[in-house]
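All ligand and atom numbering here is 1-based and tracks the order in the structure. Values below: all heavy atoms of this structure, side chains included; hydrogens, waters and symmetry mates excluded. Every value quoted in this text rests on a predicted model; they were computed, and no experiment measured them.
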Amino acid sequence: MYAAVTLFVSMCLTATTLADHHQPCHSPNMTGQMSVMNLKGDIKAIGVYTYDSLAKKLRFRSNETEAFNTSLTLDVLMFFEEGVFYEIDSKNQSCEKKSLQSVHNPLEIPSDAKSMSTITIGSASIEGEGLKVNVWLGTVPETKAHYSISSTMGCLPVSSLHFLDSTTILFSNLQIETEIKDPDLLTLPSFCEGEPVEETPEGTVNSFVNLFI
Ligand SMILES: *[C@@H]1O[C@H](CO)[C@@H](O)[C@H](O)[C@H]1NC(C)=O
Ligand SMILES: *[C@@H]1O[C@H](CO)[C@@H](O)[C@H](O)[C@H]1NC(C)=O
Ligand SMILES: *[C@@H]1O[C@H](CO)[C@@H](O)[C@H](O)[C@H]1NC(C)=O
Ligand SMILES: *[C@@H]1O[C@H](CO)[C@@H](O)[C@H](O)[C@H]1NC(C)=O
């Protein structure tokens, strides 16, 4: 995972190729693993996710591993289209429903993102030793946070940086499969049904990225 960070940072530094003007692409349905860390070196979470790119639903469940000292335990189900999400506690079968102030998330290239460059991580000349990515830049309208997302030519978002006021967060997207392996993960658990929306405290921004501050 540290390798992924190093890769990403060096990629940012060497992304000097001429900008082209690709339209932002749409990511496919995905199942994969995600690691989240800040640039102070804190590993916030490592987990598995399921993403429905059409219905704009995301489930992320963090996985505490002994190898890393992660600081967050999270199980969230995001309904971006409806602007709400649920924090789920399967153990005691409880649920909190909250409204989203921003639907920005690291698995989708925003439609107003600008293509900065196309670069190859690794080697462009040795077969199987390079990964060609588009680097997208933009600003989240609701939070004014800048981001940089790199995606493969097939629009798999592999890595992204989100520059928030207080911190910078790096998402790495690993072991991607372009299908929803378990659709049940995207349906609301029955114990969450009818849950009222909690009030968002003044000044709080709820978004997927902000969960990891
Ligand atoms: C993504 O998954 C949803 C739900 O299973 C399905 O309706 C949709 O067609 C899928 N999209 C693609 C591009 O496969
Ligand atoms: C956590 O990771 C382990 C090992 O990869 C896996 O067996 C387990 O199912 C994962 N747990 C969750 C909740 O995904
Ligand atoms: C794990 O993280 C906690 C809090 O962030 C810290 O107090 C603890 O020393 C860390 N443990 C190790 C082994 O790094
Ligand atoms: C469920 O567990 C969490 C933490 O473990 C606790 O904060 C919460 O109050 C519990 N909810 C219920 C309904 O017991």
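- Taking the six-membered ring for Trp, F60 and F212 have ring centres closer than 6.0 Å.
- How far CD of E81 is from NZ of K56: 6.5 Å, rounded to the nearest 0.5 Å.
- Taking a 6.0 Å sphere around CG of D184, one finds it holds more than 12 heavy atoms contributed by other residues, nucleotides or ligands.
- No side-chain N or O of H104 forms a donor-acceptor pair with one of S207 less than 3.5 Å apart.
- Between atom NZ of residue K98 and atom CG of residue L211 there is a gap of 8.0 Å, rounded to the nearest 0.5 Å.
- In this structure, ligand 1 sits under 4.0 Å from heavy atoms belonging to N29, D52, I180.
- Residue pairs meeting the salt bridge (charged side-chain N to carboxylate O under 4.0 Å, His left out) criterion with at least one partner in residues 132-153, sequence neighbours excluded, do not occur; the list is empty.
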